[in-house]
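Encoded as structure tokens, the structure appears first; notes follow it.
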Amino acid sequence: MKVLVTGSGGREHALAWKLAQSPRISEVLVAPGNAGTAREPEVTNFPLDPEENVRLVAFAFTEDVDLVVPGPEAPLVAGLVDHMERSGMPCFGPTAAAARLEGSKGFAKQVLDAAGAPTADYREFTDLEAALEHVDQRPAPMVVKADGLAAGKGVILAETRDQARAALRDMLEGDAFGEAGRRVLVEDFLQGEEASFIALVDGENVLPLASSQDHKARDDGDRGPNTGGMGACSPAPVLDAEVEARVMNEIMHPVVRVMRDNGTPFRGVLYAGLMIAPDGTPRVLEFNVRFGDPECQPLMMRLKTDLLDLIEKTLAGQLDQARPAWDSRTALGVVMASGGYPDSYAKGCSISGLDNAESSSVKVFHAGTAEKDGEVVTAGGRVLCVTALGDTLPAARDRSYAAVSEISFEGAFCRSDIGARALARLRE
Ligand code: AMP
Ligand code: GLY
């Protein structure tokens with residue numbers, strides 16, 4: 001079989017790497033991929049824009065592809081799966097109508113309400129005056145969110161009412177997030193520990209993948225600005241069996257039923273970003289309709305089952321028959337980023353030490369990298385996700401950081417405390 005993966009990040013490198021291991025896949029095409037996918041056996045990059053849906057459909061047919069696995073959310077929200085399905089091309093993901101769970105935070109809240117699923121209390125506004133009045137009546141801190149896709153930047157954690165007012169003015173009066181910010185949500189600030197609950201959904205059945213945890217803030221101790229994610233580990237001890245059962249019964253099953261009953265069944269990867277309260281109550285912060293990045297990297301390191309089998313069962317509505325096997329070890333990925341990220345940063349810096357860093361239990365997934373004159377250079381904010389397996393969390397962490405220390409490029413930085421929250425919980 002030939003499989004086309006779309007996207008260019010660490011998540012897509014991990015997906016392409018894992019799919020290429022399937023005995024039933026002869027070639028993985030990546031549009032456009034990065035220097036990591038370019039160097040992977042049985043994987044070929046094609047310089048296509050992953051957001052040009054019509055072109056991707058044409059390309060899939062020209063290349064005689066058997067299955068499309070999209071990485072990022074924007075093309076899904078814009079209807080990539082609808083385009084592919086209309087043309088008869090199997091595509092692993094939700095339709096545009098189902099992808100609204102990520103594409104509109106207001107829509108996600110309506111579905112959560114209809115499902116009776118726990119989430120932060122909120123109000124939705126398009127009118128600035130009404131939103132400002134609401135802020136006057138709420139205790140700080142509070143959270144202001146742009147309704148639409150904003151590449152992870154449309155969420156403002158306002159510690160004071162003034163900060164909330166400024167965020168509302170930026171979105172509703174200014175043009176901070178364009179169309180995405182014309183509608184905003186103001187919601188209560190939730191306390192607790194965040195975790196990622198990533199599941200495959202076939203319209204009806206929900207198959208939870210191994211638990212994982214991201215580190216969204218740039219700096220150690222969860223300080224500094226929010227990023228796409230500075231590292232991840234799997235499993236996440238906060239999602240123990242009891243909490244997982246609650247997430248399935250109180251959130252995943254009811255939400256999937258509401259989507260089905262609305263005539264927009266969800267099929268693909270459903271990722272609930274959760275806040276777990278100190279008493280163990282899980283509440284939904286947001287939905288994503290694709291794998292998390294960087295959570296996907298440790299998950300693919302631990303997945304022993306052929307990913308193609310799981311994707312096929314999702315497409316066939318047979319996830320009730322899937323029994324994925326996971327490596328019992330811990331996987332932990334540390335993101336190496338370009339100085340300046342998440343704001344502006346340099347590109348084109350040469351990266352050294354990549355080959356020394358890898359071993360049978362360490363994989364360096366590329367994100368913002370490119371090849372230039374036979375050399376691997378930086379091409380993005382998040383550059384690499386150095387991922388290791390270990391018998392224990394500290395072993396996986398030490399192995400990842402040892403590999404990180406082999407690699408260098410100008411301005412490189414990473415957090416030094418990936419896995420700290422999971423470790424603290426294990427010590428309890
Ligand atoms: P989101 O894109 O909605 O996941 O928001 C990005 C990040 O903002 C989350 O990963 C949380 O760290 C934080 N966040 C979002 N909503 C809330 C909330 N209601 N309370 C506390 N933190 C939040
Ligand atoms: N790691 C967070 C995300 O993929 O949205």
Side-chain angles (χ1 to χ4, degrees), residues 7 9-12 14-15 70-74 76-77 101-109 112 118-123 138-159 163-164 167 177 180-181 184-198 209 211-219 221-234 236 269-278 281-299 333-335 337 342 365 367 381-382 385 415 418 421:
R11 166 182 55 209
E12 288 78 16
L15 291 172
E73 64 276 9
L76 295 170
V77 173
L101 277 179
E102 179 165 0
S104 165
K105 291 187 190 280
F107 175 77
K109 287 288 198 185
L112 286 164
T119 183
D121 283 339
Y122 74 103
R123 287 272 306 274
R138 301 298 300 176
M142 64 188 101
V143 186
V144 178
K145 298 185 173 184
D147 179 70
L149 292 184
K153 297 191 180 112
V155 175
I156 310 297
L157 305 178
E159 278 170 34
Q163 286 173 3
F177 301 103
V184 299
L185 273 62
V186 179
E187 70 175 40
D188 289 351
F189 186 88
L190 298 176
Q191 307 281 352
E193 183 173 339
E194 272 186 79
S196 304
F197 195 94
I198 302 179
L209 301 184
S211 62
S212 58
Q213 194 164 41
D214 184 13
H215 298 64
K216 289 223 169 105
R218 184 191 60 193
D219 303 330
D222 294 327
R223 292 170 196 283
N226 244 342
T227 70
M230 294 298 295
C233 62
S234 172
V269 180
L270 184 58
Y271 160 167
L274 301 174
M275 187 69 87
I276 316 294
T281 302
R283 291 189 178 82
V284 176
L285 292 173
E286 62 160 352
F287 280 119
N288 297 311
V289 300
R290 33 83 188 164
F291 281 104
D293 187 344
E295 293 96 317
C296 186
Q297 291 84 313
L299 285 181
V334 177
V335 168
F365 292 110
R382 291 190 294 175
C385 181
R415 273 180 64 160
I418 300 303
R421 269 171 299 153

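First listed ligand is number 1; within each ligand, the first listed atom is number 1.
Taking atom 7 (C) of ligand 1 as the reference point, the nearest protein heavy-atom neighbour is N226 ND2, 3.6 Å. Looking only at protein heavy atoms, the nearest one to atom 4 (O) of ligand 2 is R290 NH1, 2.7 Å. Scanning the protein heavy atoms around atom 13 (C) of ligand 1, the nearest turns out to be L157 CD2, 3.8 Å.
L157 is not listed as a side-chain neighbour of P141, based on a closest heavy-atom distance of 4.5 Å or more.
To the nearest 0.5 angstrom, Q163 atom CD is 9.5 Å from I156 atom CD1. For the atom pair CG of L15 and CG of L299, the computed distance is 10.0 Å after rounding to the nearest 0.5 Å. The distance from the CZ atom of R11 to the SG atom of C385 is 12.0 Å, given to the nearest 0.5 Å. Of the inter-residue distances, the one linking N288 atom CG with E295 atom CD reads 8.5 Å to the nearest 0.5 angstrom.
In this structure, P278 and Q191 approach most closely via the heavy-atom pair CD-O, 4.2 Å. M142 and R138 make their closest contact through CE-O, 3.9 Å (heavy atoms, listed as atom of the first residue, atom of the second, distance). T119 and V284 make their closest contact through OG1-O, 2.8 Å (heavy atoms, listed as atom of the first residue, atom of the second, distance). In this structure, A272 and F287 approach most closely via the heavy-atom pair CB-CE2, 3.8 Å. A pairwise comparison of heavy atoms in A367 and R382 identifies CB-O, 3.2 Å as the closest pair. Contact record, G106 with D147: N-OD1, 2.7 Å, taken as the closest heavy-atom pair.
At a 4.0 Å heavy-atom cut-off, ligand 1 touches V155 through the side chain alone. Of the heavy atoms in L285, both backbone and side-chain atoms come closer than 4.0 Å to ligand 1. At a heavy-atom cutoff of 4.0 Å, ligand 2 is contacted by no atom of R11, backbone or side chain. When non-hydrogen atoms are compared, ligand 1 lies under 4.0 Å from the side chain of K105 (C-beta onward) but not from its backbone.
In this structure, G228 is part of the shell of residues with a heavy atom less than 4.0 angstrom from ligand 2. Remark: distances from the non-hydrogen atoms of D188 to ligand 1 include one below 4.0 Å. Under the 4.0 angstrom criterion for non-hydrogen atoms, K145 is in contact with ligand 1. Not a single heavy atom of G229 sits less than 4.0 Å from an atom of ligand 2.
Remark: ligand 2 atoms within the under-4.0 Å shell around heavy atoms of D214 are 1 (N), 2 (C). Close contacts of ligand 1 with E187, meaning ligand atoms under 4.0 Å from a residue heavy atom, involve 16 (N), 17 (C), 18 (C), 19 (N). Using a 4.0 Å cut-off to heavy atoms of E286, the atoms of ligand 1 that qualify are 1 (P), 2 (O), 3 (O), 4 (O). Of all atoms in ligand 2, listed by their number and element, those nearer than 4.0 Å to a heavy atom of N288 are 5 (O). Less than 4.0 angstrom separates some heavy atom of G292 from each of these atoms of ligand 2: 4 (O).
Partner E187 forms a salt bridge (Lys or Arg N to Asp or Glu O under 4.0 Å) with one of R123, K109, R283 and no other, that one being K109.
The distance criterion of under 3.5 Å between nitrogen or oxygen atoms is not met by K216 with respect to ligand 2. On a distance-only criterion, A120 and ligand 1 share no N/O pair closer than 3.5 Å.
Nearest to atom 12 (O) of ligand 1 by heavy atom, out of E194, K216, M142, is E194.
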